[in-house]
Amino acid sequence: MKKIEAIIKPFKLDEVKEALRDIGIKGMTITEVKGYGRQKGHKEVYRGAEYTVDFVSKIKVEIIVDQSMVDQVIEKIIHAARTGKIGDGKIFVLPVEDVIRVRTGEKGIDAI
Amino acid sequence: MQINGADTAFVLISAAFVLLMTPGLAIFYAGMVRSKNALGTIMQSFILISLISIEWVYIGYSMAFGPDVGGLIGNLSWIGLRGVGLEPSANYATTIPHIVFMIFQCMFAVITPALITGAFAERMRFGPFLVFSLIWTVLVYNPVCHWVWGAGGWLNKMGVLDFAGGLVVHLSCGTAALAAALVLGPRKGYGKENIIPHSLPMTLMGTGLLWFGWFGFNGGSALAANGIAGSAFVATHLGGMAGMAMWITIEWVHRGKPTTLGAASGAIAGLATITPAAGFVNPNYAIIIGLLGGLVCYGAVAAKSKFGYDDSLDVVGIHGVGGTLGTLCVGIFASTLINVCGADGVLRGSFSLLKSQILGVAVVGLYSFGMSFILLKLIDRFVGLRVTEDTEIQGLDLGLHSETAYSE
């Protein structure tokens, strides 16, 4: 099993969610996050004073999938989240040792 | 004198309008601070409704408006509102019950120290803040109010005109704010971290409430439901709108974009600037005064960064500078064609009023700055003005009040 973490532009969340639902992904966890990479922050002006805001708002999507699904999920996320402009985000793939469903105690692939 | 029902009703409702300005100011300021200080900032204005109203009843009103002692102060014969009853006063607003005049003036006393709080936002301890606000009202607001508005007050007798508080409210709070910013020092991280407003919609809502209340503040200062009240009402509106238009126009040219905080700031600058002049000038001059308010206050706020002091919410640049400018504008634009109880300014061929106005600005500005500076230094020496560094980082809401404005 793998965990796929995708940092995406907030307004792309709905498209990513729909795309993943279409390939049978049944759940996800999202978090509002801030960060920066190649996309620099922006300037804000209050009463004539200029401030540089370094951290840009993003959404982090986390899903756990079977090894066999990884490439397909990545492809769907890229397709849905891409605008072609700087700041489209990143995808991380991490190994997952186990998954347990709290209600039933099921483990592994059945618990996803 | 006979009590006039219309005048009484008008001044009573105006008093309610002016009361509304203090909660309005609370959210105007709260929107401009970081979210961790929203409640602490609201509280610094809100609690003064209680503190200063008590002060006003038991000592303040008598000091400000009681029988004159040497032009300097009212005596204490009206303490606890003794003799302030349902009959009109002999000297003030002689067509309404004395107690109505008293409560109208109470609302001015409440909002003036509340305005100062913008200068020391996000870093002052609550107890010392209460002590400062109370003593400041007794030692600065009450005497200045007596000098300018009290029967027999020495600036009043020298011909200084202040229709609704350019000197008494705005210059006195603005110079006290400068003293506070200097004594307390800048907020932690000022100039290095991004200390930016957490909710400008809140600030804009506060601006709306302040503008609305200002009709009672300036219109009500006619103390009668008459033509002067109408004229002051119109001048107030025109001053505010002109200040807003001017501020965002300059900002647009200077910074490339018009901002909502600029619109709010310009409106307040225009309203503060027209305040001393509202009942003395015609509508065209009110617009000019409002435009000047937007222009000069924008410049004053922009210049702050060059001086390096942290007047956090620009009380000096908007109220101090606006109050000064408006008071001087009275000396230029006032006309007895608008108000026979006023005087003629430079444009009507008389220079003596302008001289009086300059004197008023110098006296009130220096007195309030000096007294505030000494008072703050003393309180700082004996009990300390600033919150601990931990509290400042954590925020006033949790640190001082054990609450948060926004739950998760």
Side-chain angles (χ1 to χ4, degrees), chain A residues 3-14 16-17 20 26-64 81 83-90 92 94 99-103, chain B residues 28-29 31-34 118 186 189-200 203-204 207 247-248 250-269 294-295 297-308 310-318 321 408:
Chain A
K3 179 183 190 186
I4 297 175
E5 280 187 13
I7 311 285
I8 59 170
K9 289 184 165 169
F11 74 94
K12 282 291 190 181
L13 176 62
D14 275 346
V16 169
K17 187 186 70 186
L20 294 176
K26 294 200 177 65
M28 64 174 62
T29 304
I30 65 155
T31 323
E32 291 175 21
V33 294
K34 286 175 192 270
Y36 69 92
R38 288 192 193 165
Q39 182 190 16
K40 296 293 180 291
H42 59 273
K43 292 217 183 308
E44 296 186 12
V45 179
Y46 297 101
R47 279 184 174 158
E50 212 169 81
Y51 302 85
T52 305
V53 178
D54 290 322
F55 295 103
V56 186
S57 290
K58 297 284 170 190
I59 294 281
K60 181 166 79 174
V61 179
E62 293 170 280
I63 53 178
I64 311 294
T83 66
K85 296 198 190 86
I86 204 159
D88 274 350
K90 290 225 174 15
F92 309 106
L94 300 84
V99 177
I100 298 108
R101 191 188 304 279
V102 172
R103 178 169 55 85
Chain B
F28 174 74
Y29 278 170
M32 282 189 272
V33 299
R34 289 162 292 177
Y190 177 70
K192 294 191 278 286
E193 296 167 20
N194 282 344
I195 302 182
I196 57 180
H198 90 280
S199 174
L200 287 181
T203 294
L204 270 287
T207 306
W247 189 297
I248 66 153
I250 306 169
E251 194 174 42
W252 208 335
V253 173
H254 181 210
R255 283 286 176 189
K257 284 180 189 170
T259 66
T260 46
L261 182 58
S265 308
I268 300 299
L295 175 72
C297 293
Y298 181 87
V301 168
K304 179 179 69 167
S305 59
K306 294 187 176 61
F307 292 109
D310 181 13
D311 168 20
S312 309
L313 311 181
D314 293 308
V315 187
V316 180
I318 292 180
V321 171
E408 295 291 316

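These numbers come from a predicted model, not from an experiment. Below, read A as the first sequence line, B as the second, and so on, with proteins coming before strands; counting in each chain starts at 1. These values consider heavy atoms only, across backbone and side chains, with no hydrogens, waters or symmetry-generated copies.
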Student: Count the heavy atoms of every other residue, nucleotide or ligand shown that sit under 6.0 Å from CZ of Phe92(A), and state whether that count exceeds 12.
Tutor: yes
Student: Who are the side-chain contact (heavy atoms from CB on, under 4.5 Å) partners of Leu204(B), not counting sequence neighbours?
Tutor: Thr260(B), Ala264(B)
Student: Does any heavy atom of chain A fall under 4.5 Å from the side chain of Ser265(B), the backbone, both, or neither of them?
Tutor: both
Student: Name the region of Leu200(B), side chain, backbone, both or neither, that has any atom closer than 4.5 Å to a heavy atom of chain A.
Tutor: side chain
Student: Name all residues meeting the salt bridge (charged side-chain N to carboxylate O under 4.0 Å, His left out) criterion together with Glu62(A); count only those two or more places apart in sequence or in a different chain, and write none if there are none.
Tutor: Lys3(A)
Student: Are Glu44(A) and Ile196(B) packed together at the side-chain level, in the sense that at least one heavy-atom pair is separated by less than 4.5 angstrom?
Tutor: yes
Student: List the residues meeting side-chain contact (heavy atoms from CB on, under 4.5 Å) with Ala263(B), not counting sequence neighbours, and say none if there are none.
Tutor: Met244(B), Ile248(B)
Student: With chain B as the partner chain, list the residues of residues 47-60 of chain A whose heavy atoms fall under 4.5 Å from it, by residue number, and write 'none' if nothing qualifies.
Tutor: Arg47(A), Gly48(A), Glu50(A), Tyr51(A), Thr52(A), Val53(A)
